Amino acid sequence: MSLSSSTMKQHKSNISRRDFFKAGTFIVGGIAVTSVFTPFNGILFASEAPKGKGKWYGIGIDISKCIGCGKCANACKLENNVPQEPFYFRSWVEQYTIKNDGSILVESPNGGIDGFMQSVPDEEIFKSFFVPKMCNHCAKSPCVQVCPVGATFETDDGIVLVDETYCIGCRYCVQACPYGCRYIHPEKGTVDKCSLCIHRLEKGLQPACFEICPTEARILGDLNDPDSNINSFLKNHTCMVVKPHLNTGSKLFYNALSPEVR
Amino acid sequence: MENHLQDLHEVLSKVQGYVYPNEIELNWSILIVLYPYITGLVAGAFILASLERIFKLHILKPTYGLALLTALSFMLVATMPLVSHLGKPLRAYEIMVTPHLSSAMAIFGFVYLWYLMVVLLLEIWFDYRRDMVIWANETKGIKRFLYKALSLWTTDISPKAVALDKKLGYIVTVIGVPSAFLLHGYVGFIFGSIKANPWWSTVLMPVIFLFSAIVSGIALVMLIYILLSKIRKQKIDMACLDLIARYLFYILLIDFVLEGLDQIHRIYEAEESFEVLHMLVFGKLFYTMFILQGLLGTIVPLLTLGTFQFVQPKEKIRKAVYLVTSALILIGVFFMRWNVVIGGQLFSKSFYGYTSFKIGMIGTEGYLMAAVWIIVPFIILSFLLWLLPPWKKKDEDADIQEV
Amino acid sequence: MPQQIKRLISAFAIVILLFLVMQQVLKPSSFGVSGHYRFLAIQENKLKELQYAGSESCIKCHEDIHIEKSDGYHAQLKCEVCHGPALRHVMYADKFENEELPDSLKLNKPDERKDCAVCHRINAARIKITFDTIDNSMIKQVDPMKHNLVHKKTKVELKCIECHYPHQP
């Protein structure tokens, strides 16, 4: 406010200025008081906030140990009556080959069940490795989110299951899974996916693919238990999930995962 | 089953690059292309009808009733492609019994019901109630019963009651427009909310779906109006048709800009999925996207309808061009849906390869099934036109379209 | 209230009522007990039939092989890796103590070259793989189509297992 202004105006502006300070003190004080009682709580979790107190399954796969025998994919099909045709898999193995020219070749003949033939001559290969794939049992599962009827869900111990007597076969979850881990069972007409062999866990056995892995590349454990094998696996290796940017809360952690893997 | 597996083996031999093994089979086929297409026709036809009602564009009167009945006949089958493609169609009721509130598809059931029951049926009911009461007295037998039942055995057609009908009908229309937007925006959301699929996952998807829906609905009513006038040997109201064509042009232009914006945004941001989508668009989707959707379905109609905004050729030529253009737009929007639904499944979510599309002639996922759900709405429409002919409505207003 | 409003409200009331009744009747009993799903579905999933018995079960009868295997390269391989799912075998085999097992209970004895090649075929992705249990030993890799295809003297075709006893390769 300039000095040449009329007294009237001066007066008015003074009042309003005083009011302003009053109000300002009130607001600032208010904020200060509230913040004492409820401090800003900015905790972010590395992957997902722990849920519950019971078991909370997490999976570890050590890519550097996988020899690409495909026994896991085969065992999965036999254990869970997955159709033998090469279009239906709960678990499969991919071979990534990065050539010297930078091009990437990914193969998974019959999901790796019949083994892998090296299709690129040694001298052209920059590096090559196997990646076993299976359901990530995401904590924020896109598939569970989109199921219209609640026929796919997450159990309290973190296993994503399908209720095949309730699934309507709309295939929305198949579209929503970023990892391609779901298929429609050709005879049942309902969706099918990895159940983490919950019927085996129930009896104290490992899931079929974990049981069968000849190099013990797979680890299953309780993420809620700080001393569990999965937690020490996560501590001692540099682990990564596939497609972290999608924020699916994936609980399948890979050691030695290359950025080419999608 | 055997054929299906044979087809899959054939597709497997055509896979380029790498796709996850479960991705070889396309899960959403032509029926899911039809589902947003038909829903879009409903929303579009309804919005055309609302233009007349809300903005009092009486020039559009000749198509008002037709547009409403078209919307209703397509609405009645809108969910059928979805239901008939289910692996377990008999379990479809579960969507209503235990709807999962975080699922776009489950909420669609309620959006659909809201739109069908509260908006479309109510609006048509208020619009026809007086006529149904009158017709019930003029007819006999089953038709008389139908009119009585449909008017819920009401008899009051005093001027006061009819005025109330009009007022309530107007309110329903006002609610109806955002509902139509919601209905079709929601269908877009079903695709746009799938973050796993970069071809679908864009915030523009509901808006694009909405505008292409309006475009297709208007084009459909235009086409039906021209054909129906030919069949009934009635003179086409050219003022009405020209105005429809003008709105069609504007909305098609908006639609074109939106879809262009979406593509430019994708190209400029060039995210992780850019290469795989780029090759998809110029490879497997080239004909359906650039020729059918882009050139025939958008550019040609834009040019012809756009020219008519400045130069008005003879009536005969305009009629012919409107007929062809509306058919082209309908084809174009169908292939827009095709490019979204089928295109979104042709590339692998690993971004390393492409699968192929093969459609069986018969079976629940085949052309025949799709043809059924395209033809049935027209049968329903013929029935509705027989039962509730908009041209026989006895309107008190003087500006009635005399036929 | 005007006639048509009355009729409409009753029509809608009937429809909504029928809908709510239908919802209650058709809703599965265990739905929503723990979340938006049928709680019994967890039990149903748990009741699925098993195929793989787990390595502990094999040792009970075949301890000799377990001991034989325990200091070889295949020590950490579980029996079912090569012999396939064995639960039925484990459950019913002891009923045939002195008789020959029926074919349905017999397990695979894979002896073809391709069976070994699944793990031992040369592959660039296998080169750097080492085992925890056996220090720094790389998985042995050969070209199954070349490696000693025939006997050097007799020229008879050879199977892998004729030179490499799988339990002690």
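A, B, ... follow the sequence lines: proteins, then strands. Residue 1 opens every chain. As the structure is a computational prediction, the values presented were derived from the model and not from experiment.
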Examine whether an atom of [X] lies under 4.5 Å from a heavy atom of chain B, and if so say whether it belongs to the side chain, the backbone or both; otherwise answer neither.
X: Tyr166(A); result: both
X: Tyr96(A); result: side chain
X: Gln175(A); result: both
X: Lys243(A); result: side chain
X: Pro86(A); result: both
X: His185(A); result: neither
X: Glu260(A); result: both

For the residue pair Thr165(A) / Asp163(A), report whether a side-chain donor-acceptor contact shorter than 3.5 Å exists.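 There is such a pair (donor and acceptor under 3.5 Å, judged by atom type) between the side chains of Asp163(A) and Thr165(A).
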How about Met105(B) and His100(B): do any of their side-chain heavy atoms sit closer than 4.5 Å? no
Is the number of heavy atoms from other residues, nucleotides or ligands within 6.0 Å of NE2 (His265(B)) greater than 12? no
I'd like to know whether CZ of Phe189(B) has more than 12 heavy-atom contacts from other residues, nucleotides or ligands below 6.0 angstrom. no
Engaged part of [X] at the chain A interface, taking heavy atoms whose separation is under 4.5 Å:
X: Glu25(B); result: side chain
X: Ile194(B); result: side chain
X: Ser193(B); result: side chain
X: Ile107(B); result: neither
X: Ile24(B); result: side chain

Name the orientation class of the two ring planes belonging to His184(B) and Phe209(B) (parallel below 30°, tilted from 30 to 60°, perpendicular beyond 60°). parallel
Parallel, tilted or perpendicular, judged at 30° and 60°: which one describes the rings of Tyr88(A) and Tyr183(A)?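 Ring orientation, 0 to 90° scale: tilted.
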Mind ranking Pro21(B), Ser102(B), Ala106(B), Pro89(B) by heavy-atom pairs under 4.5 Å with chain A and telling me who comes out on top?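 So the answer, after comparing Pro21(B), Ser102(B), Ala106(B), Pro89(B), is Pro21(B).
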For the ring pair Phe357(B) and Trp338(B), is the centre-to-centre distance below 6.0 Å? yes
